[in-house]
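What follows is one structure encoded as structure tokens, with my remarks underneath.
Note that these values count all heavy atoms, side chains included, but never hydrogens, waters or copies made by symmetry.
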Amino acid sequence: MLTMEQDYDAHSIEKKWQRSWSESRIFEPEPDEREKFFITIPYPYLNGNLHAGHTRTFTIGDVIARHKRMLGYNVLYPMGFHVTGTPIVGLAELIENNDPQTMDVYSRLHRIPDEILRTLTTPERIVEYFSVEAEKAMRYIGYSIDWRRKFTTTDETYKKFIAWQFDLLHDKGLIVKGAHPVKWCPNDNNPVEDHDILHGEEATIVDYTLIKFRHDGIVLPCATLRPETIFGVTNLWVNPEVDHAKIRVSRDGVEEIWVVSHQAYRKLTFTDRTVEFIENVPGRDLVGIKLKNPLSGNDMITLPASFVKPGNGSGIVMSVPAHAPYDYLALKDLYGKDLSEYGIKEDIRNIELISLIKAKDFGENPAVEAVEQLGVKDQNDPKAEEATKTVYRREFHSGVLKENTGKYAGIAVSKIKDILTRDLLNEGIGEVFYEFSEPVVCRCGTPCVVNMVKGQWFLNYSNPQWKENVYRCIERMNIIPEEIRVEFNNKVDWLKDKACARKKGLGTRLPFDKEWLIESLGDSTIYMSYYIMNKFFSQGIREEQLTHSLFDYVLLGKGSVQQTTIDTGIPEKTIANIKSDFDYWYPVDLRSSGKDLVPNHLLFFLFHHVAIFDEEKWPLSLAVNGFVSLEGEKMSKSKGPILTLREAVDTYGADISRMYILSSAEQTQDADWRNAGVESAKKQVERFYKLAKEIIDSGSQPGIEGELKLIDRWMLSRLQQCIRETNNDMTSLRTRGALQNAFFLLYNDVKWYQRRGGSALLYDVLDTWVRLMAPFTPHICEEIWTSMGHKEGNFVSQAAYPIFCPRFIDNDAELAEELVCNTLSDIEEIIKVTKITPKMIALYTSSQWRSKALKMALKMKNEDDLNPGKLIKTLMSDPENRKYGKEIPKYVQKLVPDIASMKTERFETMLGMKLDEMTILKENIACLENEIGCPVQVYSADEPDYDPQNKARLATPLRPAIYLE
RNA sequence: GCGGGAGUAACCAAGCGGCCAAAGGUGGUAGACUCAAGAUCUACUCGCGCAGGCGUUCGGGGGUUCGAAUCCCUUCUCCCGCACCA
């Protein structure tokens, strides 16, 4: 048996147990008859050392893994390293160039020794260095990871696996070729990334629908975010003061002549259209043109408007006066104006507004109503903006298309855009046109444009069937916390095709188009299965043996062992083992991750699983946790501040760091790592250590001799409550709540138990307590565990986790304890208020009739028939009670609402209550006397031998009357 | 703009229709132990109260209810994501 050191030395304890775990290989699971639990955390991206954010996410994973393991599951918790993509390449360049900020941050904050940092000038060296460091760090903090399965995403074997995956997706038609819009600097002739941007970092690319209105072989395109309003277009707006460009536009073999603003012409040259300038067209030449609405066939005309800005959209605007306040105002401004200079003779008043949306709280013409309600004067009135927003918002949320939209009638405005745009595209009436939400300027000073990159490979996430399967997957999954389920569904809905290959960076070549590299989010979607296979691959299987047929057989069950052996040269037995391992471990039981990965990695993880695997291999649950900041400041890998995992463990120790990070915030909430907070966690752990040592040193033994005292039963009961709550919290990954129960509340209860003279159960309580805490602070728990006499090799990490045992719940013991506590605090309060120093205290327990009344009331409520009148009558019918005739109704009047409003749980406890208050109080006289410091006497209110102030009549059940002398 | 989330006592934070003036932890105050400090333990920590009580609180306003921190409406403030980047 090990003897605990006097003082808690985190580092020596932790080192010892880490070595012990590693030597005994207890975290290297193999399939067996137990139920399995496969938990994975996204592998870290290695452009720096692991930091506090990783610490939180990985520790959650480890705590869950340890909890499940102790519950009897066969748990697999593996880890790998992600290096695909450009940042590591970029970092190598920065180090090569001795970039001052980078060198500073990486030496000071990532704590890389200078002589090593200087050598990290290639991506390979960076990957090598950080992967070694990351593994060391994860071992230092005591994660129960099976390290036999680790890999890096640039391993040749991994690349074979990724190539297989992408060939498969390609064959399934889920990878398609297309063009996609990027922020582009025409001067640098390059895409701009966020850090290249001078202004407009917030800008997003918005997809407008371009509606092509035709006149005499010429197209006047209008860009709109609301293509459905095309049904309500009465005219187009052209700014007569602005020069326009007539251009030849061709795409996909179709050639058209367009007229747009010069700015729009320039933008068009960056799209996937071929554009050629023909001539300049003054704006006024475009006014007064007659055209037809391409959808409704209505006659329309172009009208002059000064509000039209040539830099927005195409420079030509469609007018929907029934629904757009600006259009209505501009139209009204023209009423009665002489437009003959544009060759317009018609009276503008004859233009009829066309209403096409029915929205809540609006009548026929929402724009008119909004303008009138807000009293907007004209198109230059600032309130016009407000009117526009109001109409837009209300129509978007509650609007439905009217009959005059033909086959679209009845569709909600919020749903119509995609449907209609697709139809307009197909009919050649519309096109898509991208524009920034705000101007974007490159660092070089050049205004940026949206450029279409051609020949790009996409994962076809917009595919409705694919999405349908993902929805189904989410529906049957356990999402933790449940509130984020809706967010997942929203994100699936929002997801469009995703470019999945680039030209730069580390990674795997696209197998069917070798000039492209698979992008990092695509090669990290189903790699959890690779952990299972890699245990075999790393034992001498060469990459050329990893044929498609091997993966087909192992992961999809296609083909046969025999054929796969012929293809790969891998023995049948090995292949069969790989497959049976896969079938044992898969699917992923829980994937837990930081919330930043929701709209990307976690989504793709689901998409790829449903695309590749059979339903029974789809992931079962997903959990998400919040970020970590440092003393209120956001962390940044490249700029700081940053706290590495190593630094935290070096400073505070593994157990303290683990406990602190998990106790400081729950689930999706962000945690703030604060020095003061860790310091207090340190105190808590030390206190735990001391108390455990004290209990062990006192020679406390398991089991109990003789009868349990009330306080023992109380302790057992409380312990069960803690066990129940801790397990409940763990099941939903509420680590903070779990610690609250398993540590703080239990600690207080144990202290109270000791204070009340309890001692018999200390060993057993500690035994349970150590197991409750083991997932959180495993090292110290191993130390205490062996010190308690558990044999060597008998790890607490493998002990049975305490589970709730209802037979130890003792409501009476808890109520009795409550009675004593409440009585004590009542006495203390009276002392405080009256400032009396009592020489003697008399307690009077409730009179019989009140106890009866309470019982009766509880019974009535139980029978759902709680009725004050009836209760009074019943009580009065007992001749014994007659003498209390005046008090009974009073008491009942107070009692009934109390009982009526009781929580179920409390009610049930009360209902089953069998307490003899007199005995309990008498038993605890010593305790009360000790706490207050004067003699205490207990009487029954029915026959108080001594009651000078007539207090006894105030006594009620569970609340004795008190007299201070 | 769209979508998601949050606002609780000095601070972090639980509670999400009724023993809620509101768990737990920090910090603070007082006391015990100690030569002293630390650690530990005990009490108090919204206000008022010479008998266990009362009054005002849970971003602001309004409502539902016998009863609201908890439900509904409205308003303000803050955080996160909006893509080809890990």
Of all the choices, [options], which nucleotide is nearest to the side chain of [X] once you look at every atom?
X	options	answer
A/Thr834	B/rA14, B/rA86, B/rA51	B/rA51
A/Lys496	B/rA83, B/rG52, B/rA51	B/rA83
A/Arg687	B/rG52, B/rC80, B/rU40	B/rU40
A/Ser520	B/rA86, B/rC84, B/rU40	B/rA86
A/Val833	B/rG49, B/rC80, B/rA86	B/rG49
A/Asn490	B/rG49, B/rG4, B/rA43	B/rG4
A/Asn748	B/rG25, B/rG81, B/rG52	B/rG25
A/Arg674	B/rG25, B/rC11, B/rA51	B/rC11
A/Glu483	B/rC80, B/rG5, B/rG52	B/rG5
A/Leu745	B/rG27, B/rA23, B/rG5	B/rA23

Output the rounded distance in Å from [atom1] ([X]) to [atom2] ([N]).
X	N	atom1	atom2	value
A/Lys637	B/rA86	NZ	C1'	7 Å
A/Glu482	B/rG4	CD	C1'	15 Å
A/Gln669	B/rU8	CD	P	11 Å
A/Tyr461	B/rA83	OH	C1'	12 Å
A/Asp672	B/rC79	CG	C1'	13 Å
A/Lys639	B/rA86	NZ	C1'	15 Å
A/Lys832	B/rC48	NZ	C1'	11 Å
A/Gln684	B/rU40	CD	C1'	13 Å

Classify [X] by what it touches in the nucleic acid, base, sugar-phosphate, or nothing, heavy-atom distance under 4.0 Å.
X	value
A/Ser524	nothing
A/Pro960	base
A/Asp497	base
A/Leu225	nothing
A/Ile827	nothing
A/Leu521	base
A/Tyr963	base
A/Glu829	base
A/Glu519	sugar-phosphate
A/Thr823	nothing
A/Ala961	base
A/Lys683	sugar-phosphate

On the nucleotide [N], are OP1 or OP2 found under 4.0 Å from the side-chain N or O atoms that [X] carries?
X	N	result
A/Tyr747	B/rC41	yes
A/Ser680	B/rG27	no
A/Arg959	B/rG53	yes

Most 5' of A/Arg755 and A/Asn822 on RNA chain B, judged by nearest nucleotide = A/Arg755
5'-most by nearest nucleotide on RNA chain B - A/Phe627 or A/Gln949 =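 Upstream on the strand: A/Gln949.
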Looking only at atom types and distance, does a side-chain atom of [X] sit under 3.5 Å from a main-chain N or O of [Y], one as donor and one as acceptor?
X	Y	value
A/Arg736	A/Ala665	no
A/Arg734	A/Glu666	no
A/Tyr660	A/Asn675	no
A/Glu435	A/Asn312	no

For B/rG3, the Watson-Crick or wobble partner whose two distances fall under 3.5 Å =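 In the structure as shown, B/rG3 has B/rC80 as its Watson-Crick or wobble partner.
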Now, which nucleotide makes the Watson-Crick or G-U wobble pair with B/rG38, with each of the two distances under 3.5 Å?
-> none
Between [N] and [M], how far apart are the two [atom1] atoms, rounded to whole Å?
N	M	atom1	result
B/rG25	B/rU42	P	11 Å
B/rC46	B/rG28	C1'	15 Å
B/rC2	B/rG55	P	45 Å
B/rC58	B/rA21	P	14 Å
B/rG3	B/rA83	C1'	14 Å
B/rU45	B/rG63	C1'	36 Å
B/rA43	B/rG61	C1'	40 Å
B/rU70	B/rG7	P	12 Å

Less than 4.5 Å apart, any side-chain heavy atom of A/Ile656 and any of A/Gln684?
-> no
Using the six-membered ring of A/Phe604, assess whether NZ or CZ of A/Lys498 lies under 6.0 Å from its centre and within 45 degrees of the ring axis.
->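 Ring-cation test returns no.
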So A/His54 and A/Asn49, side chain to side chain donor-acceptor pair (under 3.5 Å) or not? Walk me through it.
-> CA-CA 10 Å; A/His54 294 114; A/Asn49 274 318; over 6 Å; no
Decide salt bridge (charged side-chain N to carboxylate O under 4.0 Å, His left out) for A/Asp947 and A/Arg953; before the verdict, give the C-alpha distance in whole Å, the side-chain angles of both, and the deciding distance to 0.1 Å.
-> CA-CA 10 Å; A/Asp947 188 11; A/Arg953 69 195 158 80; over 6 Å; no
Mark yes or no for a side-chain to base donor-acceptor pair under 3.5 Å between A/Asn600 and B/rA86, with no hydrogen or angle criteria applied.
->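 Side chain to base: pair present.
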Checking side chain to side chain contact (heavy atoms under 4.5 Å, CB included) against A/Phe166, which of A/Leu174, A/Thr508, A/Leu510 comes through?
->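 That would be A/Leu510.
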